[in-house]
Amino acid sequence: MSSSSKTLIKTLIENPARIRSKYQAKQLHAQLIRTHSLSHTSASIVISIYTNLKLLHEALLLFRTLESPPVLAWKSVIRCFTDQSLFSRALTSFVEMRASGRCPDHNVFPSVLKSCTMMADLRLGESVHGCIVRLGMDCDLYTGNALMNMYAKLLGMDSKFSVDKVFDEMPQRKSFSEEDGKSSHFDTSSVDPVMSCSEVIEAETVIAASNLPLGIDSVRKVFELMPRKDVVSWNTIVAGYAQSGMYEDALRMVREMGSNELSPDAFTLSSVLPIFSGYVDVNKGKEIHGYVIRKRIDADVYIGSSLVDMYAKSARIEDSERVFSHLSRRDSISWNSLVAGYVQNGRYNEALKLFREMVSAKVRPGPVAFSSVLPACAHLATLHLGKQLHGYVLRGGCSDNMFIASALVDMYSKCGNIKAARKIFDRMNVHDEVSWTAIIMGHALHGHGDEAVSLFEEMKLQGVRPNRVAFVAVLTACSHVGLVDEAWGYFNSMSEVYGLEHELEHYAAVADLLGRAGKLEEAFDFVSNMRVVEPMGSVWSTLLSSCSVHKNLELAEKVAEKLFAVDSENMGAYVLMCNMYAANGRWKEMAKLRLRMKKRGMRKKPACSWIEVKSKTHGFVSGDRSHPSMERINEFLKAVLEQMEREGYVADTSGVLHDVDEEHKRELLYGHSERLAVAFGIINTEAGTTIRVTKNIRICRDCHVAIKFISKITEREIIVRDNSRFHHFNNGSCSCGDYW
DNA sequence: GTAGGGTTAG
């Protein structure tokens with residue numbers, strides 16, 4: 001070997017950063033072997049070269065030949081394991097390194113802590129923290145940052161220790177002493193408790209006494225003790241505060257950054273932006289948007305999706321669209337922020353359209369994308385799309401995801417298939433309050449009040465505490481089947497047992513229940529005496545429709561007056577009142593109301609129904625004869641009407657409030673949108689297929705009777721979803737038991 | 001060698 005090549009090897013070993021390729025690294029390795037100069041030290045350097053090039057396999061082959069690997073070799077492989085997301089192997093290596101008696105230095109801890117974070121192993125992380133304190137390495141900037149990140153990430157988790165324990169007691173704890181280097185303390189598989197029982201109890205008492213979230217407290221403690229802090233340190237604590245809901249503190253830290261001559265960067269802002277959507281006003285968010293543009297970080301994908309989300313949550317979806325359209329690069333989260341934004345703003349068709357665009361743009365939808373877009377299918381009741389998405393979810397193997405499973409339960413029940421919803425619910429391994437509420441609400445909407453109530457009881461038995469939404473669901477269930485006493489019990493238990501405040505929705509459900517049950521005066525007093533800060537228009541309009549069902553015009557006038565006082569443009573209320581005046585022959589009052597509507601430029605929303613046939617949605621508007629199949633629909637309805645009449649059907653024209661003769665009234669009934677949709681469905685599907693129709697307003701009383709007959713004559717299950725519930729017609733009767 | 005964004009039930 002020439003002296004010049006020896007010099008070259010020496011130079012490379014001293015400047016390992018010069019090696020940039022696998023080939024060069026292997027050449028060096030080979031030369032060292034050939035010249036018999038592969039010492040422990042030079043081998044470690046080669047290992048670090050391999051790991052820097054992410055050549056884990058090569059590094060490990062060499063590593064295993066070393067009898068007692070030096071610190072450099074250990075930390076190189078630990079870092080590489082962490083880099084390649086092999087967190088548990090990183091931690092095992094750390095344990096082995098400690099067991100071999102090697103003392104870790106400051107640049108191994110960031111990787112170890114990251115692995116603890118990713119493995120969600122707070123216990124081990126805290127032990128490592130103890131070790132760091134013992135070795136006096138808590139002054140290291142990167143180690144401190146990694147510690148803060150770990151506590152911030154694992155902040156919701158149960159901890160046996162508090163950070164004070166780590167600081168105050170860890171150094172003295174025997175298992176951390178350097179002399180005891182062979183201790184198996186760091187072995188993750190070890191079941192030996194690190195603390196004695198009494199210590200654990202003591203620590204838990206300390207934790208119970210503190211009202212602050214444990215994690216954020218630990219983050220702050222580490223932060224305060226760090227002698228040197230950089231932007232990352234500040235960003236980590238800002239994110240920690242933001243994620244713990246401590247928004248004031250997060251924003252205070254951003255301001256303090258400025259006084260420490262550090263300017264907020266893209267990381268800082270993307271942590272802080274979500275605060276402005278739900279907590280502070282959107283104008284503050286706009287200021288930040290301006291700052292982002294001035295700092296020229298508006299191309300950052302993280303900032304982009306934060307902005308899209310912020311504007312969407314502030315009901316400014318047009319601004320979300322603008323931000324999205326200007327993004328130079330879009331990842332799956334940017335897409336999904338806008339998809340979710342559309343759904344949050346009730347723009348379901350746009351959400352589905354964008355989801356499709358996303359798939360065409362070759363961005364694979366992940367679990368979050370599915371849980372964002374499924375509610376759009378639920379709201380639109382587009383079963384075929386929902387089923388397609390379900391298939392996609394199954395192929396993607398994420399059907400166990402709690403968010404997705406709950407969204408699927410909700411989607412199937414809202415699309416009229418409560419059986420499929422229940423099947424998915426029953427197959428879930430664990431249920432949280434969201435999935436329970438979804439299935440309870442599903443049964444409630446399908447008129448299975450008793451089933452919904454017993455599921456609610458089952459939920460409580462399983463130790464899942466009902467929250468405010470769960471109470472909305474169970475009260476809705478009671479309301480749809482007239483369980484008055486049960487509803488009062490639940491309403492009272494909300495505040496008395498669960499310490500939950502009654503909100504508008506709960507009052508509305510009870511008012512609805514009393515109204516449906518015909519207890520109109522009681523309902524009126526209940527609503528008049530409720531104390532809710534929010535507007536009560538929806539509650540009054542619920543009660544108004546009960547007055548209409550129970551034909552109580554006198555009370556209806558009182559209710560309407562209350563309603564118009566808070567909501568002078570409530571279309572439904574005008575229509576209901578007009579109809580009630582008409583039904584009572586009070587044409588003068590009706591005309592007056594009609595004029596008021598006309599002056600305000602209000603127009604009646606037409607009644608429509610939809611049906612999906614062969615994955616295509618067909619819409620029908622009451623009295624509209626433009627559908628290409630209208631001739632066949634009429635033929636069918638005419639034929640079936642003859643049979644219906646033979647079986648005892650008599651048209652109930654009392655609901656037709658136009659001032660026309662009986663014959664004309666019957667014709668109007670026969671042109672109702674739900675009847676057209678049902679007829680179209682029966683003609684265009686095979687015998688026995690379930691018919692699913694969605695209607696935008698309440699189903700008409702006469703159509704309800706007629707569809708019962710039709711279900712019997714045609715031997716079809718017919719499911720009609722109106723604006724408040726599902727009606728399952730089967731063999732001449734309806735699941736609602738005519739209570740609606 | 002550390003740090004950030006989107007999701008389910010009314």
Side-chain angles (χ1 to χ4, degrees), chain A residues 52 75 78-79 82-83 106-114 117 140-150 152-153 229-240 242-243 264-274 277 297 300-310 312-313 331-341 343-344 365-375 378 398 401-411 413-414 425 431-442 444-445 466-476 503-506 508-509:
Chain A
N52 282 340
K75 68 189 185 191
I78 291 171
R79 209 173 61 212
T82 308
D83 252 10
H106 68 93
N107 46 27
V108 74
F109 286 116
S111 298
V112 174
L113 290 167
K114 184 177 182 182
T117 310
D140 177 60
L141 176 66
Y142 292 141
T143 302
N145 287 346
L147 267 174
M148 282 169 50
N149 182 45
M150 178 185 77
K153 287 273 166 53
K229 304 172 180 87
D230 66 355
V231 182
V232 177
S233 327
W234 285 88
N235 286 345
T236 309
I237 196 159
V238 166
Q243 281 152 20
D265 63 3
F267 284 85
T268 331
L269 297 176
S270 56
S271 305
V272 153
L273 273 170
S277 53
I297 45 178
D300 185 285
V301 271
Y302 283 79
I303 292 279
S305 32
S306 291
L307 285 170
V308 168
D309 180 56
M310 178 195 77
K313 293 228 169 76
D331 65 6
S332 66
I333 298 183
S334 339
W335 283 95
N336 199 57
S337 302
L338 190 56
V339 171
V343 174
Q344 284 152 12
V368 181
F370 288 120
S371 37
S372 308
V373 79
L374 276 166
C398 46
N401 178 303
M402 188 83 108
F403 284 78
I404 294 181
S406 304
L408 282 170
V409 167
D410 187 56
M411 183 276 293
S413 92
K414 296 250 172 68
F425 178 83
H431 297 121
D432 64 356
E433 73 258 59
V434 176
S435 50
W436 277 109
T437 305
I439 195 67
I440 291 168
M441 199 61 180
L445 292 179
N467 62 10
R468 32 199 287 282
V469 190
F471 275 104
V472 173
V474 76
L475 289 172
T476 305
E503 287 161 288
L504 185 72
E505 291 86 349
H506 307 109

Side-chain N or O of A/Gln243 closer than 4.0 Å to phosphate OP1/OP2 of B/dG5: yes
Side-chain donor/acceptor contact of A/Asn467 with base of B/dA9 under 3.5 Å: yes
Among B/dT8, B/dG6, B/dG4, the nucleotide that comes nearest once only the side chain of A/Ala239 is considered: B/dG4
Quiz item: A/Ser270 side-chain donor-acceptor pair to B/dG4 base, under 3.5 Å: yes
Pair of N/O donor and acceptor under 3.5 Å linking B/dT7 base with A/Ser371 side chain: yes
A/Glu433 side chain, from C-beta outward: closest of B/dA3, B/dG6, B/dA9: B/dA9
pair A/Trp234-A/Lys229: side-chain heavy atoms closer than 4.5 Å: yes
Nearest to side-chain heavy atoms of A/Asp432, which nucleotide of B/dG6, B/dA9, B/dT8: B/dT8
Residue-phosphate contact under 4.0 Å: A/Lys414 side-chain N/O, B/dG10 OP1/OP2: yes
Sugar-phosphate, base or nothing in reach of A/Met402, heavy atoms under 4.0 Å: base
Sugar-phosphate only, base, or nothing, as touched by A/Asn107 at under 4.0 Å among non-hydrogen atoms: base
Ring-on-base stacking B/dT2 with A/Tyr142 (under 5.5 Å, under 30°): no
A/Lys114, nearest nucleotide to its side chain (from B/dG6, B/dA3, B/dG5): B/dA3
Presence of donor-acceptor pair under 3.5 Å, side chain of A/Asp300 and base of B/dG5: no
Touch class at under 4.0 angstrom, heavy-atom based, for A/Ser111 against every strand present: nothing
B/dG6 OP1/OP2 closer than 4.0 Å to side-chain N/O of A/Gln344: no
Sugar-phosphate, base or nothing in reach of A/Val472, heavy atoms under 4.0 Å: sugar-phosphate
Of the listed nucleotides B/dA3, B/dG5, B/dG6, the one nearest the side chain of A/Val232: B/dA3
Check: A/Val112 and A/Ile78 side chains under 4.5 Å, non-hydrogen atoms: yes
Sugar-phosphate, base or nothing in reach of A/Lys313, heavy atoms under 4.0 Å: sugar-phosphate
Flag side-chain contact, heavy atom, 4.5 Å: A/Ser337 against A/Ile333: yes
Sugar-phosphate only, base, or nothing, as touched by A/Ala470 at under 4.0 Å among non-hydrogen atoms: nothing
d(CG, A/Asn401; P, B/dG6) in whole Å: 16 Å
Candidate pair A/Asp309 and A/Ser306, rule side chain to side chain donor-acceptor pair (under 3.5 Å), full reasoning: CA-CA 5 Å; A/Asp309 180 56; A/Ser306 291; over 6 Å; no
Close side-chain approach of A/Leu141 and A/Ser233, heavy atoms under 4.5 Å: yes
base_contact_polar (B/dT7 base, A/Ser372 side chain, donor-acceptor, <3.5 Å): no
Validation row: A/Asn149, A/Leu113 side chains within 4.5 angstrom (heavy atoms): no
Check: B/dG5 base within 3.5 Å donor-acceptor of A/Ser306 side chain: no
Donor/acceptor link under 3.5 angstrom from A/Asp265 side chain onto base of B/dG4: no
